[in-house]
Each structure stands twice: as C-alpha cells, then as structure tokens.
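What follows is a set of notes on a single structure, which appears directly below.
Note that the numbering runs from 1 along the sequence shown for the chain.
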Amino acid sequence: MTQIKVSVIIPVYNAESFLHDCVKSLTNQTLQECEFIFINDGSFDRSLEIIESYQVFDKRIRIINQENAGRSIARNVGILEAKGKYIGFIDSDDFVADEMFETLYDRVSKENTDLVVSNYFLGRDKKYVLKKEIFPTDIIYYQEYIRQNIISNLLEREDLFSVWNKLYKRDLILNHKVTFPSIYEEDQLFNLLAFNAASNVLFIDYSGYFYREVFNGVSKNLFKVDYFEIALQKLHLNYKERCNLSLSEEEINRLKAVRFVQKVFYLIFKYAILNVSFKEKFEKIKSIAFDLEVINVSKKYSKDILKNQGVFESLVLKSIKNKSAAGLYLLVLAVKFVYHPKLSEVVRSMNNLKISKT
C-alpha cells in the first residue's frame, strides 16, 4: 500500500458558492500520495453533492459526514482520521496552486522539520495580493528561537495565525495532543501549541495558497457578533498556562495588550467603512475606543502599539488617549469618504506612511 505523504483536511459547511474552485484545485494536485479529507459539517446546501461528484474521478477524496459541530470539531475529526506523514488544511472557499502540497512536502521532508510555513495570496476587493511571512526564508529555526520569537509573534500579531499555508508533522500533532479549541480565533491557539512543541520550523519563499476574504463573515456580522467582547476575552486569556509558554507573564501581557489595541484599530476601520447610518456606526466606534480598558492599555503600551503602524492607527491612538470624540469623528468621516475597494491597496500603502508623534 502506498504511504500517504500529506493529509489535507477541509471542513465544509454550506460552502457551495466557492466549493468547486476548492475541490478542483485539490484534484489538480501534482502530489499523488495524498488524501483530501472533507468533513461535511451538517451542510444542507449542495456541498456534499459537489464533493461526491469529484470523488467519482479522484479516489484521493475522502468524505466524513457529521452533524453540525463547528469548524474546530470538524478539523479535529480530520486530524484523527489522517494517515499522512504531514497534515495540511484548506478552507472550503479558498483554492491552491497545482503544485502547492508537493512543493511544501518536498521542502519539509528534505529538511525533516516539524513544520513548514509558506507565503500566500490574499484575495480582497476583487484582487489578490502577495502576503509574505515576516521571518526570513530558507532558514531552519530551532526550539529556543521558536519559543522566544515566533511564539511572541503569535501573541502580538496575526501574521502566523492561519493553518492553511503550513504543513505539520502528524506525529507532532498527535504526540503533543494539539487540537483546535472551540473558541474564536482557534487557529492562533492551535499554532501556539504546535510551534511551542516543535523542535524546528522551516519558512520557505513560495506562494501557492489563495485565501479568499469572503465578506459574509466579520463585516456582515459586526452588529450581530460582539467582536470587541471577544477581543477583551482574548486579552484576559491565560496563554502561559493554557499553552505552557516559557515567556514571562509580563512579556505575555505586553504582547497581548499590543494585539488587543491592534484589534481595536481593525474594528474601528471595519465599522467606519460599513454601509450603515453614520450615527449608528459612530456610536459603536465610540463605545469601543473609549472603553476604560482600551484607554488604560493604550496609555501604558503606547510606544509598543505604534511600532510598525501607520497614519490611521497613530491618529486613532491619539484620539483614544485624549478621549477626543471630535478627533475620532473626523477620522471616521475621512475613512468614509476616502476608502473605496478599487483603491484599497493604494489607501493601505498611504496609511503606511509614518508620523512621529501622537
């Protein structure tokens, strides 16, 4: 029997809109010694029918049906079912280049590392933008570096959150009982556990994953899901105990605080471009920006928060620290009139211009 090199796990829930692109890209994979494990998580649209239509022609496809339990449970089921030496993931509304898993497997098996991390393409505003990882490529990082630097990145930023541009050694995942928790941003906790347990990690300069930013998520649900409350919960989460981290409590708190305010920046921007009444969005933005915890954290970690941030973030932080409703009002107004999807990357590039004082 042929040894399976890579198991790719795909949770599916009512994904018919983009599923053809996803499944077709998998059936086009040049790596033959792999399996594609689709976890049909209680879909009631045509998702199952679509997958089954491809399974007829490609026996690498496996289908597991379950009642709806959420993406985390679906992925965990896939991990237990996986037979490959390495495990990868793909979201059902994304797609990959034909050589994606062969390229990642060749590199990770050649270097015999626990993980391999690649670049990816981010699809937003009807275009794809290359997103490169922040760590230098073609270098093997070992445990001491991982636990000091890569873990710090996972606590402070979202650059490494995703699981779909990586391959994980299955033995690493199983031996260290790395699973997805059923909470928001489950990828972050999964990666914290995986990287913290890894002996070595390889970053490569390859881009084969196409992530589609589908706006039936955060933007549509901004007034249905309390993302700010979720951010507060993450600020108070005991990562050190939960993930057995070696970083000091003081450093973990600093990193969490920086990311918390970065999430506030993100939410303020998302509300600002939302197609609802200005009064409604501004009241929500004020309730977030002038929350007492936001103000206190912003003042305490101001210099750390602004590191590598742009004009928008600098001005938002200034408004928060001064509790300036007028400053915030003008910022939201400016975003409303300046932002347009066709010019989104230009706006983001302009925002990266730095200003020296807040």
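Considering every non-hydrogen atom in both Arg254 and Asp304, the closest pair reads NH1-OD1, 3.2 Å. In plain terms, the two heavy atoms of Ile204 and Thr137 that are nearest each other are C-CG2, 3.5 Å. Across Ile37 and Ser7, no two heavy atoms sit closer than the pair CD1-CB, 4.4 Å. Of all non-hydrogen atoms in Leu130 and Lys132, the two that sit nearest each other are CD2-CE, 3.8 Å.
Counting only N and O atoms by type, the side chains of Glu133 and Asn165 include a donor and acceptor under 3.5 Å apart. Between the side chains of Tyr209 and Asp94, a donor-acceptor pair is found at a separation under 3.5 Å. Between Asn119 and Asp205, the side chains place a donor N or O and an acceptor N or O closer than 3.5 Å (distance only, hydrogens not considered). Between the side chains of Tyr239 and Gln188, a donor-acceptor pair is found at a separation under 3.5 Å. Ser199 and Gln143 form no side-chain donor-acceptor contact under 3.5 Å, judged by distance and modelled atom types alone. In this model, a donor atom of one side chain and an acceptor atom of the other lie less than 3.5 Å apart for Tyr168 and Asn191.
Inter-residue side-chain proximity for Phe312 and Val335 is flagged as met; some heavy-atom pair is nearer than 4.5 Å. A 4.5 Å side-chain heavy-atom check between Asn149 and Phe135 finds at least one atom pair inside the cut-off. In this structure the side chain of Leu155 reaches within 4.5 angstrom of the side chain of Leu245, judged on heavy atoms. Between Phe278 and Leu333 there is a side-chain heavy-atom pair separated by less than 4.5 Å.
To the nearest 0.5 Å, the span separating CZ on Phe203 from CD1 on Ile139 amounts to 10.0 Å. Going from atom CD1 of Ile146 over to atom CG of Asp114 covers 7.5 Å, rounded to the nearest 0.5 Å. One distance of note links CD1 of Ile288 with CG of Leu328; it measures 10.0 Å at 0.5 Å rounding. Note that CZ of Arg60 and SG of Cys34 are 4.5 Å apart. Values are rounded to the nearest 0.5 Å.
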**Request:** Would you check, one step at a time, whether the test side chain to side chain contact (heavy atoms under 4.5 Å, CB included) holds for Arg107 with Asp138?
**Result:** CA-CA 9 Å; Arg107 292 299 306 276; Asp138 299 317; 3.0 Å; yes
**Request:** Give the intermediate values and the outcome of side chain to side chain contact (heavy atoms under 4.5 Å, CB included) for residues Leu115 and Val108.
**Result:** CA-CA 7 Å; Leu115 284 102; Val108 74; over 6 Å; no
**Prompt:** For Lys256 and His236, what are the C-alpha separation, side-chain angles and deciding distance, and is it a side chain to side chain contact (heavy atoms under 4.5 Å, CB included)?
**Reply:** CA-CA 8 Å; Lys256 288 195 301 179; His236 297 296; 5.7 Å; no
**Message:** Would Leu19 and Ser47 count as a side chain to side chain contact (heavy atoms under 4.5 Å, CB included) here? Give the steps.
**Reply:** CA-CA 7 Å; Leu19 193 54; Ser47 292; 3.8 Å; yes
**Item:** Intermediate values then yes/no, ring-ring contact (aromatic ring centres under 6.0 Å, His included), Phe101 and Tyr86
**Value:** CA-CA 10 Å; Phe101 289 108; Tyr86 286 89; over 10 Å; no
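Ion pair Glu185/Lys263 flagged as a salt bridge, since at least one NZ, NE, NH1 or NH2 atom sits closer than 4.0 Å to an Asp/Glu carboxylate oxygen. Under 4.0 Å is where a charged nitrogen must lie from a carboxylate oxygen, and between Lys240 and Glu249 no such pair does. Classification of Lys131 and Asp159 as a salt-bridged pair fails, no side-chain N sitting under 4.0 Å from a carboxylate O. A salt bridge is absent between Lys5 and Glu102: the closest approach of a Lys/Arg side-chain nitrogen to an acidic carboxylate oxygen does not fall below 4.0 angstrom.
Residues Phe282 and Tyr329 bring their aromatic ring centres within 6.0 Å. Ring centroids of Tyr301 and Phe260 are separated by 6.0 Å or more, keeping the two rings apart.
In this structure, Phe180 is not a member of the same hydrophobic cluster as Tyr184, with clusters built from ILVMFWY side-chain heavy atoms closer than 4.5 Å.
For Ser152, the side-chain contact (heavy atoms from CB on, under 4.5 Å) partners two or more places apart in sequence, or in a different chain, are Leu247, Leu255. For Tyr145, the ring pair (Phe, Tyr, Trp, His ring centres under 6.0 Å) criterion is met by Tyr141, not counting sequence neighbours.
Panel note: side chain Asp98, backbone Thr30; no donor-acceptor pair is recorded below 3.5 Å. Although no hydrogens or angles enter the test, the distance criterion places no donor-acceptor pair under 3.5 Å between the side chain of Ser302 and the main chain of Lys299. In this structure, Lys166 contributes its side chain and Val117 its backbone to no donor-acceptor pair below 3.5 Å.
Cation-pi geometry between Arg75 and Phe89 is met: the NZ or CZ atom falls under 6.0 Å from the ring centre, inside 45° of the normal.
Using cut-offs of 30° and 60° for the angle between ring planes, the Tyr120 and Trp164 rings count as perpendicular. Under the 30°/60° scheme for interplanar angles, the aromatic rings of Tyr128 and Phe210 are found to stand perpendicular.
Glu144 CD: 12 or fewer foreign heavy atoms inside a 6.0 Å radius.
Note on residues 169-179: pairs passing side-chain hydrogen bond (donor to acceptor under 3.5 Å, both in side chains), not counting sequence neighbours, are Asn112-Lys169.
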